[in-house]
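Okay, so here's the structure we're looking at.
Both backbone and side-chain heavy atoms feed into the values below; hydrogens, waters and symmetry mates do not. One-based numbering, in listed order, for ligands and for the atoms of each.
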Amino acid sequence: MTRHFLRDDDVTPAEQAQILDLAEQLKKDRFQARPLEGPQTVAVIFDKSSTRTRVSFAVGIADLGGIPLIISTASSQLGGKETASDTARVLERQVAAIVWRTYAQSGLEEMAAGTRVPVVNALSDDFHPCQLLADFLTIREHRGELKGLTVSFLGDGASNMAQSYLLAGATAGMHVRVASPVEYAPSATVVADAKKRAEETGGSVTVLTDPDAAAHGADVIVTDTWVSMGKEAEKAARVETFGGFQVDAELMAKAKPDALFLHCLPADRGYEVAADVIDGPQSVIWDEAENRLHAQKALLVWLFQQNAEGATA
Ligand code: CP
Ligand code: NVA
């Protein structure tokens, strides 16, 4: 069975740690792993806009000895004209992996079910697991161990970032708190999956509606846009509802004095985060953005290793 990376709990706690260890190594020695030498090609498909994901996958695939083929859905047959599974059947005969940023998680599942090459979720409406690998690499660099840390996500609890924090944080043995207005709470299924994972790792999962309680004593504060891609028509209503969830200096003061601030970017200063927080001394956003490169390279190397071992097993 081909291993894919469609959501954060597609890897076990030990595997997540292995990928992060490898990312640390690749950050120290950027051209150490060359699994794509040939060069082999990786398809990187975008149904939605991107800066960081596009650049970090393109650069990372080149670092690994391969060639990135960046495909915009608008100029391809995918997206209404051809199914994900037919696309997968075509691509797998020519590329080493498929990386896809899309809307519905079900599209990724269909793509993965139809192909022998690894499929990587480069953001869906439900999850952003590559971002979480970068975030965790960043937190490890600044704090050492992930296990036992309290990480609080404030804002849109139903967003890809919040839901990935639940799954990835529980996998890492962290205490994950997600605070959002009640109508933007995370999916009950994702919360249940995260709780199950947390039972294995000694972590915990708490869903709240009070931002101050969520921030209290936290080691890491995280937020993201209140208006994710695809939700633009709801902007006015969302800004009104999320008003009390802005991460500002007062909220940061409720966390530990040395708490880190993370944001996957792009950011709307003055909305989900105050400028003095995101541009202040506790913010590690530039390390976080750089770490997309190292974390995704490690993920690809790891997936190729897993699938090579699976093929010979
Ligand atoms: N954080 C992130 O995924 O950024 P992009 O949308 O620019 O890829
Ligand atoms: N939640 C955001 C993340 C952007 C990287 C979105 O989906 O637009």
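- Among protein heavy atoms, atom 6 (O) of ligand 1 sits closest to Arg101 NH1, 2.8 Å.
- Taking the six-membered ring where tryptophan is involved, the planes of Tyr165 and Phe153 are tilted, since the angle between them lies from 30° to 60°.
- Scanning the protein heavy atoms around atom 7 (O) of ligand 1, the nearest turns out to be Thr51 N, 2.7 Å.
- Arg140 has a carboxylate O that lies under 4.0 Å from a charged side-chain N of Asp21, or vice versa, which qualifies the two as a salt bridge.
- Protein heavy atom at the shortest distance from atom 4 (O) of ligand 1 is Arg52 NE, 2.8 Å.
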Begin from the C-alpha positions of Asp8 and Gln163 and carry the test side chain to side chain donor-acceptor pair (under 3.5 Å) through to its verdict. CA-CA 9 Å; Asp8 309 81; Gln163 298 202 141; over 6 Å; no

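- Annotation: Tyr271 is not in aromatic contact with Phe242 [ring centroid separation under 6.0 Å not met].
- When hydrogens are left out, the protein atom nearest atom 1 (N) of ligand 2 is Asp224 OD2, 2.6 Å; that is the closest non-hydrogen contact.
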Full working for side chain to side chain donor-acceptor pair (under 3.5 Å) between Ser56 and Gln296: CA-CA 8 Å; Ser56 55; Gln296 288 158 194; 3.0 Å; yes

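- Shown here for Gln105 and Ser124, the closest heavy-atom pair between the two residues is OE1-OG, 2.6 Å.
- Below 3.5 Å of separation, one finds an N or O of Gln131 facing an N or O of ligand 1.
- At a 4.0 Å heavy-atom cut-off, ligand 2 touches Ser228 through backbone and side chain alike.
- Within the structure, ligand 1 has His128 among the residues with a heavy atom less than 4.0 angstrom away.
- The shortest N/O to N/O separation between Cys264 and ligand 1 falls below 3.5 Å.
- Each of the following atoms of ligand 2 lies closer than 4.0 Å to a heavy atom of Leu265: 5 (C).
- Annotation: Arg89, atom CZ; neighbour count of heavy atoms from other residues, nucleotides and ligands within 6.0 Å does not exceed 12.
- Annotation: atom 2 (C) of ligand 1 to nearest protein heavy atom, Arg292 NH1, 3.3 Å.
- When hydrogens are left out, the protein atom nearest atom 7 (O) of ligand 2 is Asn160 ND2, 2.8 Å; that is the closest non-hydrogen contact.
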Full working for side chain to side chain contact (heavy atoms under 4.5 Å, CB included) between Lys48 and Asp125: CA-CA 10 Å; Lys48 294 174 174 171; Asp125 289 342; 2.7 Å; yes

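- The backbone of Leu265, and not its side chain, has at least one atom closer than 4.0 Å to an atom of ligand 1 (non-hydrogen atoms only; backbone = N, CA, C, O).
- Counting heavy atoms closer than 4.0 Å to ligand 2, residue Asp156 contributes nothing at all.
- Electrostatic pairing of Asp126 and Arg7 does not count as a salt bridge here, judged by no charged N lying under 4.0 Å from a carboxylate O.
- Nearest approach of Phe127 to Val190, heavy atoms of both residues: CZ-CG2, 3.8 Å.
- Only side-chain heavy atoms of Leu123 come within less than 4.0 Å of ligand 2; its backbone N, CA, C and O stay farther off.
- At a heavy-atom distance under 4.0 Å, no atom of Arg54 approaches ligand 1.
- Scanning the protein for heavy atoms near atom 8 (O) of ligand 2, the closest one is Met229 N, 2.8 Å.
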